[in-house]
2 protein chains.
Amino acid sequence: MPQNHSIAPAKSGCLRCTLREHCIPQGIAYDELAKFDGLAVTHRKIRRDECLFKAGDKCDTLYVVRLGSFKTTVSTQTGAEQVLGFFMAGDTLGLDGIAGETHAVNAVALEDTEVCVIPYANVLALETQEPEYLRHVQRLLSREVVREHGVALVLGSLAAEERIAAFLLNLSQRFEARGYSKSEFVLRMTRATIGSYLGLKLETVSRVFSRFAADGIITVNQKHIQILDFAALRAIVSGKKRPSP
Amino acid sequence: MPQNHSIAPAKSGCLRCTLREHCIPQGIAYDELAKFDGLAVTHRKIRRDECLFKAGDKCDTLYVVRLGSFKTTVSTQTGAEQVLGFFMAGDTLGLDGIAGETHAVNAVALEDTEVCVIPYANVLALETQEPEYLRHVQRLLSREVVREHGVALVLGSLAAEERIAAFLLNLSQRFEARGYSKSEFVLRMTRATIGSYLGLKLETVSRVFSRFAADGIITVNQKHIQILDFAALRAIVSGKKRPSP
DNA sequence: CGTTTCGTTGAAGAGTGTCAAGGCCAGTGG
DNA sequence: CCACTGGCCTTGACACTCTTCAACGAAACG
C-alpha cells in the first residue's frame with residue numbers, strides 16, 4: 001500500500017470549515033476564532049486502500065477527516081492484521097503518536113478521502129497560548145481512551161450477535177450525529193474488516209447479518225444496511241436471548 | 001464497596017519521591033524541579049477491594065500509584081463486570097476522565113494501596129507554564145491509548161493460551177521495570193479477574209495455567225507464578241502450535 | 001467479458017463455556 | 001489447638017458457539 005502524497009494548500013481556513021465544532025473548542029467567541037484559523041496548514045487526499053500513515057512513521061502531525069472514512073490497524077507478529085477502529089468525518093487521527101513519538105497504528109482509507117493536516121507544532125503552540133484549546137486536545141485524547149474502553153468491553157464480554165448489534169448501533173449513532181440517516185446507511189468496509197474489528201471471522205459476520213435479516217431486524221443488500229428494529233438490536237446488546245421460532 | 005477517605009498530607013514532595021521519573025518529564029535540570037514539587041497535594045490510602053473512584057464520579061484529579069496495585073473496570077448493562085486494565089506503582093490513574101468530565105471506569109484496589117493525589121487544576125496550571133510538562137501529560141495519555149490498542153489486539157486476535165502467555169509476559173516485563181524479579185512474582189488478582197481482563201472464563205485461565213505447568217513452561221502455586229521458559233511463552237504468543245506429546 | 005474480490009451458505013470440527021464436584025488455604029471462633 | 005467457614009482454585013464431562021474448509025453466487029473492475 002503506497003503512501004499518497006497529493007497535498008493541497010488549505011484554501012479555506014478553519015473559520016469557514018463546516019467541521020469547525022469538532023476541531024475547535026466549543027463556546028469560542030467569533031472574534032476569537034481568528035486565533036485558530038492557521039491550525040491546519042494543508043489538506044491531503046488519500047485514495048482508497050492507501051495509507052495516511054503507517055505504524056513506525058514519525059508522528060509530527062494530527063489529521064482530521066474531512067471526507068470519507070478510515071480504519072486503523074496493527075499487524076501482529078504473524079503478519080495478521082487487527083482492525084482497531086473506524087474514523088469518519090470530523091474524527092481525529094494520529095492521537096496515539098502524539099508528543100513526538102512514532103505512530104503505533106496504520107491508518108488506511110476505506111474510500112477516497114480528504115484530511116486536514118495539523119502540524120503538532122501548531123497544536124503545541126496554540127495549547128500554550130489558549131488554555132481552552134489545551135483542554136480541548138486533552139478531551140480528544142481522553143475520549144479516544146474511552147472509545148477503546150468500549151472496544152475492550154465488546155471484545156471481552158459480548159457474544160457474536162451482541163457484538164454485531166452493538167456495532168450496527170454505534171455506526172447508526174455516528175451517522176446520525178453527522179446528519180445522515182440513522183436507519184439506512186452503506187458500510188464502507190468489508191465483512192472481513194468488520195470481523196477483524198469485532199474479533200470474529202468474516203463468515204460469522206455474514207451469518208449474523210443473515211440471521212438478523214431473517215428475523216426482520218435489518219435488511220442487508222451487500223454493503224447497504226437498513227435497520228428496521230432498533231429495540232431488538234438494543235435488546236440483543238443487553239444479552240437478551242432472542243426467540244427464534 | 002465503600003470509598004475510603006483516609007487522606008494524608010504529602011509530607012515529602014515530588015522532589016524526594018522515588019517514582020519521580022514517572023510523574024515528571026525526563027531531563028529536567030535539578031534546579032527546575034522545584035516547579036513540580038507542589039503537584040501532588042495529598043496522599044491517600046485505599047484498602048483492598050475499595051474504590052479509588054467510580055464511573056460517574058466527577059473527575060478533577062489524577063492519581064499516581066505509590067504502593068500496591070489497582071484494576072479498572074466497567075459494568076455492562078446486565079451488571080456484569082469487565083476488567084480493562086491493571087495499574088501498579090508509578091502508573092497514572094484517571095486519565096480517561098481528564099478535562100473536567102466524569103470518570104468512565106471504576107478503579108478498585110487489588111491490595112492495600114497508596115496513591116498521590118494530583119488536582120487537575122495543578123496539572124493545567126503547570127502545563128501552561130511548562131511546555132515540557134504539557135508534552136509529558138499528553139505522552140501519558142497517548143501511551144494509555146497505545147496500551148488499549150494492545151488489549152484490543154489480544155482480545156481480538158489471540159486464542160486462550162496465547163492471551164495468557166501474553167499476559168504473563170506483560171506482567172513479567174512490568175515487574176522487571178520496577179526492579180522486581182521478572183521470572184517470579186505473585187499475582188495480585190484472582191483467576192476470575194484475569195479471565196475478565198482477557199475475555200476468558202476463570203476455568204479456562206486455570207486450565208491454561210495447569211497446561212503450561214505440565215509442559216514445564218511455568219510453575220503455579222496458587223497466586224505464586226514462576227516463569228521457567230520465556231522463549232516458549234513468546235513462541236505461544238506468536239501463534240506457534242506447541243507440541244504436546 | 002473474463003477476472004478478481006467479496007459475500008453467502010453448508011457440514012464438520014475445535015476450542016471455550018457451562019455445570020458440577022471436590023480440594024486447598026486463610027481467617028475465625030470455639 | 002482444632003473444627004468450621006467461605007473464598008479461591010482445580011479438574012472432569014458435556015454442550016454449544018464459533019471457526020474451518022469448501023463450494024458457489026454476485027458484484028466490481030479492468
Side-chain angles (χ1 to χ4, degrees), chain A residues 1 47-49 71 78 80-83 108 110-112 154-165 167 186-215 218-225 236 239 241-242 244, chain B residues 1 47-49 71 78 80-83 108 110-112 154-165 167 186-215 218-225 236 239 241-242 244:
Chain A
M1 297 188 189
R47 275 198 295 270
R48 191 176 163 203
D49 290 332
K71 66 178 174 185
T78 60
E81 181 189 64
Q82 167 74 29
V83 174
V108 184
L110 293 170
E111 55 195 314
D112 290 0
V154 166
L155 292 176
S157 62
L158 299 189
E161 293 198 346
E162 297 164 6
R163 293 182 198 190
I164 304 249
F167 173 70
V186 174
L187 299 175
R188 253 65 228 217
M189 66 297 281
T190 68
R191 303 288 192 264
T193 302
I194 298 172
S196 170
Y197 177 60
L198 295 175
L200 302 169
K201 293 296 154 186
L202 68 94
E203 293 94 331
T204 305
V205 175
S206 178
R207 274 186 247 271
V208 172
F209 277 170
S210 300
R211 237 176 291 160
F212 284 178
D215 293 356
I218 62 175
T219 66
V220 184
N221 270 61
Q222 299 295 123
K223 293 195 155 67
H224 187 110
I225 301 280
I236 291 169
K241 274 269 187 291
R242 307 172 304 115
S244 49
Chain B
M1 298 186 191
R47 276 198 294 270
R48 193 177 162 203
D49 289 332
K71 65 178 173 184
T78 60
E81 182 190 63
Q82 167 75 29
V83 174
V108 184
L110 293 170
E111 55 195 315
D112 291 0
V154 167
L155 291 176
S157 63
L158 299 189
E161 293 198 344
E162 297 164 6
R163 293 183 197 189
I164 304 249
F167 174 71
V186 174
L187 299 174
R188 255 61 230 218
M189 66 298 281
T190 68
R191 303 287 192 266
T193 301
I194 297 171
S196 171
Y197 176 60
L198 295 176
L200 302 169
K201 293 296 156 185
L202 68 93
E203 293 94 333
T204 305
V205 175
S206 178
R207 273 187 249 271
V208 173
F209 277 169
S210 300
R211 234 175 294 160
F212 284 179
D215 293 355
I218 62 174
T219 66
V220 184
N221 271 61
Q222 299 295 123
K223 294 195 153 68
H224 188 110
I225 301 280
I236 291 169
K241 273 272 186 289
R242 305 175 303 115
S244 51

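Chain A is the first sequence line, chain B the second, and so forth, proteins listed ahead of strands; every chain is numbered from 1. This one's a predicted model, so the numbers in the text were calculated from it and none came from an experiment.
If you take CZ of B/Arg188 and C1' of D/dC8, they are 16 Å apart, rounded to a whole angstrom. What separates NE2 of B/His224 from C1' of C/dC25 is a distance of 16 Å, to the nearest Å. Atom pair A/Ile225:CD1 and C/dC6:P shows a separation of 17 Å (rounding to whole Å applied). The interatomic distance linking B/Ile218 (CD1) with D/dC9 (C1') rounds to 14 Å, in whole Å. One interatomic measurement links the two molecules: CD of A/Glu111 to P of D/dC29, which rounds to 13 Å at whole-angstrom precision. The interatomic distance linking A/Phe212 (CZ) with C/dT9 (P) rounds to 15 Å, in whole Å. Spacing between atom CG of A/Leu187 and atom P of C/dC6 amounts to 14 Å, rounded to whole angstrom units. In this structure, the CG atom of A/Asp112 is 15 Å from the C1' atom of D/dC29, given to the nearest Å.
Map B/Phe209 and A/Arg207 each onto its nearest nucleotide of DNA chain D; the residue landing nearer the 5' end is B/Phe209.
Side-chain contact between B/Arg163 and B/Leu155 is present, with at least one heavy-atom pair separated by less than 4.5 Å. For the pair B/Ile225/B/Val186, no side-chain contact is recorded, criterion being any heavy-atom separation below 4.5 Å from C-beta on. Counting heavy atoms from C-beta outward, B/Lys71 and B/Met189 have side chains that stay 4.5 Å or more apart.
The phosphate of D/dC9 (OP1 or OP2) has a side-chain N or O of B/Arg191 nearer than 4.0 angstrom. The phosphate of D/dT11 has neither OP1 nor OP2 within less than 4.0 Å of any side-chain N or O from B/Ser206.
A/Arg211 contributes no side-chain N or O that forms a donor-acceptor pair with the base of D/dT17 under 3.5 Å.
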Anything under 3.5 Å between a donor and an acceptor, one on a side chain of residues 190-201 of chain A, the other on a protein residue two or more places apart or in another chain? List them.
residue, atom, partner, partner atom, Å
A/Thr190, OG1, A/Ala192, N, 3.4
A/Thr190, OG1, A/Thr193, N, 3.1
A/Thr190, OG1, A/Thr193, OG1, 3.0
A/Arg191, NH2, A/Gln222, O, 2.8
A/Ser196, OG, A/Glu81, O, 3.2
A/Ser196, OG, A/Val83, N, 2.8

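Side-chain N or O atoms of B/Asp112 include none that pairs as donor or acceptor with a backbone N or O of B/Arg47 at under 3.5 Å. Of the possible donor and acceptor atoms, none in the side chain of B/Ser206 sits under 3.5 Å from a partner among the backbone N and O of B/Leu202.
Of the residues in residues 192-204 of chain A, those with a non-hydrogen atom less than 4.0 angstrom from any atom of DNA chain D are A/Gly199, A/Leu200, A/Lys201, A/Glu203, A/Thr204.
Among the nucleotides D/dC8, D/dC21, D/dC29, the one closest to any side-chain atom of A/Arg48 is D/dC29. Listed candidates were C/dG7, D/dC8, C/dT9. Nearest to the side chain of A/Gln222 is C/dG7.
Nearest heavy atom pair, residue A/Phe209 against residue A/Ile164, reads CE2-CG2, 3.5 Å.
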